[in-house]
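Within every chain, numbering begins at 1; the chains are lettered A, B, ... in the order of the sequence lines, protein sequences first and strands thereafter. These values consider heavy atoms only, across backbone and side chains, with no hydrogens, waters or symmetry-generated copies.
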There are 2 protein chains.
Amino acid sequence: MRLLLVEDDVQMGPTLQNALSQAGYAVDLSVDGIDAEALGDIEPYDLIVLDLGLPKRSGLEVLQNWRNRNNHVPVVILTARGSWEEKVQGFKAGADDYVAKPFQTEELLARISAVLKRSSGTSGGPLQVAGLQLDEDAQSVQLSNGTLFTLTGTEFRLLRYFMLNPGQVISKSRLTEHVYEYDSDRDSNVIEVYVNRLRQKVGTDLIQTRRGQGYIFGSP
Amino acid sequence: MRLLLVEDDVQMGPTLQNALSQAGYAVDLSVDGIDAEALGDIEPYDLIVLDLGLPKRSGLEVLQNWRNRNNHVPVVILTARGSWEEKVQGFKAGADDYVAKPFQTEELLARISAVLKRSSGTSGGPLQVAGLQLDEDAQSVQLSNGTLFTLTGTEFRLLRYFMLNPGQVISKSRLTEHVYEYDSDRDSNVIEVYVNRLRQKVGTDLIQTRRGQGYIFGSP
DNA sequence: CGAATCAGGCTTAATTTAAGCTGAACTTAC
DNA sequence: GTAAGTTCAGCTTAAATTAAGCCTGATTCG
């Protein structure tokens, strides 16, 4: 799951980025409105955390521009506490949720997780697909026969992405984009290696190969 | 376990802070309502001790504002003895417990401990997880084989936080937030050092490392 | 039809990277 | 002076990545 964090505060930005990484997301950080707007259009983020008070171009404007261009990426905005106006404007502009500053990291994490679940159709409870149950607290997965596997960071992100998009052919480049932070364009077989490791844990049939196209998770 | 103590009395504030520290909490002290309100929103306290008679903004108001903003941190209020009204208003505003002034420190400690246990789902009796029994009075821990270890302050706070959140991956930054008082953002390996010391006492397997993610206490 | 070819995918082992561990020295508070 | 807390440096080890060779399914062509 790959996020864009748009936050110009030099203190808060990296701190949050770190916290989000630890929570198992791949996070890019952008520090101004123009840069953020471009990134949000180019990169396939699963969610964007958007501070409204930004240099160069306000967060609100950025958000409106995205929506005008039919970019419907889920957005959680960070508003000033008590600013009822900002919040309303934010929702009007197409935000999916908001967190008022100041906030606790755990609060933000909870909102992000909720929005992601909502936007993927699932609602509430642990992610449960195709006989697998993903435990986000323990970063582990339980099979239908009860066996429990712990997952490394990358395994976890990859599997979660599969489970959030079941029955859908997902190309390797799309996987790379969602599992890794910006850089990237790796000409390597990392994804294959990780698919292999996941298959060893959750079983071979759950992740099927579509030669030349990608993989498909949990589906006839 | 990290507390915020909100108490404007110059005598009582530091005295209580001291007592609470000795009892093994990391304690921040705030002396006015506005400051307290902000702190309570920003920092991830595990509990707040709130005097109702405060300068700048009344404790009641502060509490109401927190609850309105969906901040559900456990709160123990300090009310004037016999003031039935205050007590009722306090509960209405969302307090978890109250202690009437004047009180004995031990009374307050007991209430705090009770609220913490209640809010973490555990109820009654000493904290007992994964074969360990934590003695809050003596700041010591007993292993299932009977051996008893005394703990230093930091060891105690760390272990208690683990025991209150078993089976959950806890990042180092989260641990830092809950074990230390405000300042902090330490770029150091203190947590690692203390995990090491704890492991020497309670055994290696109880605190497992999830490389790149954090630690997980007492769980497969 | 079926053997040869080829490309994409799989798998395992080796290498690199960086997180975490730990003993000891140093600092601080009492 | 002592005990707790913190920092540091060298070491250990897991995770991430790369690379090489093998496997397999599709296609072509005799």
Side-chain angles (χ1 to χ4, degrees), chain A residues 18 21-22 24 26 139-140 149-159 169-176 178-181 183-217, chain B residues 2 14 17-19 21-27 139-141 149-159 162 169-176 178-217:
Chain A
N18 186 39
S21 297
Q22 296 241 345
Q139 303 215 158
S140 62
F149 286 100
T150 64
L151 303 169
T152 70
T154 309
E155 286 170 359
F156 179 73
R157 290 198 298 276
L158 186 60
L159 180 56
V169 176
I170 309 177
S171 72
K172 275 187 279 192
S173 61
R174 194 169 138 205
L175 287 173
T176 311
H178 284 272
V179 168
Y180 289 98
E181 305 177 3
D183 70 346
S184 63
D185 234 27
R186 17 200 119 212
D187 182 18
S188 84
N189 65 343
V190 235
I191 294 295
E192 286 163 27
V193 171
Y194 274 99
V195 165
N196 178 20
R197 289 193 192 155
L198 273 185
R199 294 216 253 232
Q200 288 178 10
K201 289 187 176 176
V202 305
T204 318
D205 347 330
L206 271 181
I207 306 174
Q208 294 181 341
T209 305
R210 285 297 168 76
R211 186 164 258 254
Q213 308 183 94
Y215 298 98
I216 186 167
F217 176 83
Chain B
R2 189 166 160 211
Q17 181 178 31
N18 190 38
S21 296
Q22 296 243 342
Y25 302 101
V27 186
Q139 297 208 170
S140 63
V141 63
F149 287 100
T150 63
L151 303 169
T152 71
T154 309
E155 287 170 359
F156 177 73
R157 290 196 299 276
L158 187 60
L159 180 56
F162 273 129
V169 176
I170 308 178
S171 72
K172 276 187 279 193
S173 59
R174 196 170 137 202
L175 287 173
T176 310
H178 285 272
V179 167
Y180 288 99
E181 308 177 1
Y182 183 82
D183 73 345
S184 59
D185 231 28
R186 17 200 118 213
D187 183 19
S188 86
N189 67 342
V190 235
I191 295 293
E192 287 164 29
V193 170
Y194 274 98
V195 165
N196 179 14
R197 289 188 189 164
L198 272 184
R199 294 215 253 233
Q200 289 178 9
K201 291 186 175 175
V202 305
T204 318
D205 347 331
L206 272 181
I207 306 173
Q208 293 182 340
T209 304
R210 287 294 175 76
R211 188 166 259 249
Q213 308 177 127
Y215 298 98
I216 187 168
F217 176 83

Asks: Check every nucleotide of DNA chain C for an atom under 4.0 Å from a heavy-atom of chain B, then give the first and the last such nucleotide from 5' to 3'.
Replies: C/dA18 to C/dG23
Asks: What's the OH-P distance between A/Tyr180 and D/dA16, to the nearest Å?
Replies: 7 Å
Asks: Please examine the side chains of B/Val195 and B/Arg199, heavy atoms only from C-beta on, and report whether any two atoms are closer than 4.5 Å.
Replies: yes
Asks: Run B/Leu159 and B/Phe217 through side-chain contact (heavy atoms from CB on, under 4.5 Å) and show every step you take.
Replies: CA-CA 9 Å; B/Leu159 180 56; B/Phe217 176 83; 4.1 Å; yes
Asks: Applying a 4.0 Å non-hydrogen cut-off, can you work out what B/Val195 is touching in the nucleic acid: base, sugar-phosphate, or nothing?
Replies: nothing
Asks: Among B/Ile170, B/Leu158, B/Ile191, find the residue that satisfies the side-chain contact (heavy atoms from CB on, under 4.5 Å) test when tested with B/Tyr215.
Replies: B/Ile191
Asks: CG of B/Asn196 versus C1' of D/dT6: gap in Å, rounded?
Replies: 14 Å
Asks: For D/dT18 and A/Ser188 - does any side-chain N or O of the residue sit under 4.0 Å from the phosphate oxygens OP1/OP2?
Replies: yes
Asks: Specify the separation, in whole Å, of atom CG of A/Asn189 and atom C1' of D/dA16.
Replies: 12 Å
Asks: Could you say whether A/Gly212 or A/Val193 is positioned toward the 5' end of DNA chain C, judged by the nucleotide with the nearest heavy atom to each?
Replies: A/Gly212
Asks: Measuring from B/Leu206:CG to B/Lys201:NZ, what's the distance to the nearest 0.5 Å?
Replies: 14.5 Å
Asks: Measure the distance from CG on B/Leu158 to P on D/dT6 and round it to the nearest whole Å.
Replies: 12 Å
Asks: Find the distance B/Glu192:CD to D/dT12:P and express it as a whole number of Å.
Replies: 16 Å
Asks: Assign A/Gln200 to base, sugar-phosphate, or nothing according to its heavy-atom contacts below 4.0 angstrom with the strands shown.
Replies: sugar-phosphate
Asks: Please report the distance, rounded to the nearest Å, between NZ in B/Lys201 and C1' in D/dA4.
Replies: 11 Å
Asks: Given atom CG of A/Leu151 and atom C1' of D/dA16, what is their separation to the nearest angstrom?
Replies: 15 Å
Asks: With rounding to the nearest 0.5 Å, note down the distance linking OG1 in A/Thr154 to OH in A/Tyr180.
Replies: 5.0 Å
Asks: Give each protein N/O atom lying under 3.5 Å from an N/O atom of nucleotides 13-15 of chain D, with the pair distance.
Replies:
| from | atom 1 | to | atom 2 | distance (Å) |
| --- | --- | --- | --- | --- |
| D/dT13 | O2 | B/Arg211 | NH2 | 3.1 |
| D/dA14 | O4' | B/Arg211 | NE | 3.4 |
| D/dA14 | N3 | B/Arg211 | NH1 | 3.2 |

Asks: Quick one: OG1 on A/Thr152 to CZ on A/Arg197, what's the gap to the nearest 0.5 Å?
Replies: 7.0 Å
Asks: Base, sugar-phosphate, or nothing for B/Tyr215, non-hydrogen atoms under 4.0 angstrom?
Replies: sugar-phosphate
Asks: At what distance, to the nearest 0.5 angstrom, does CZ of B/Arg210 lie from CD of A/Gln22?
Replies: 13.5 Å
Asks: How long is the gap from CZ on B/Arg157 to CZ on B/Arg2, to the nearest 0.5 Å?
Replies: 10.5 Å
Asks: Between CD1 of B/Ile216 and OG1 of B/Thr209, what distance do you get to the nearest 0.5 Å?
Replies: 11.0 Å
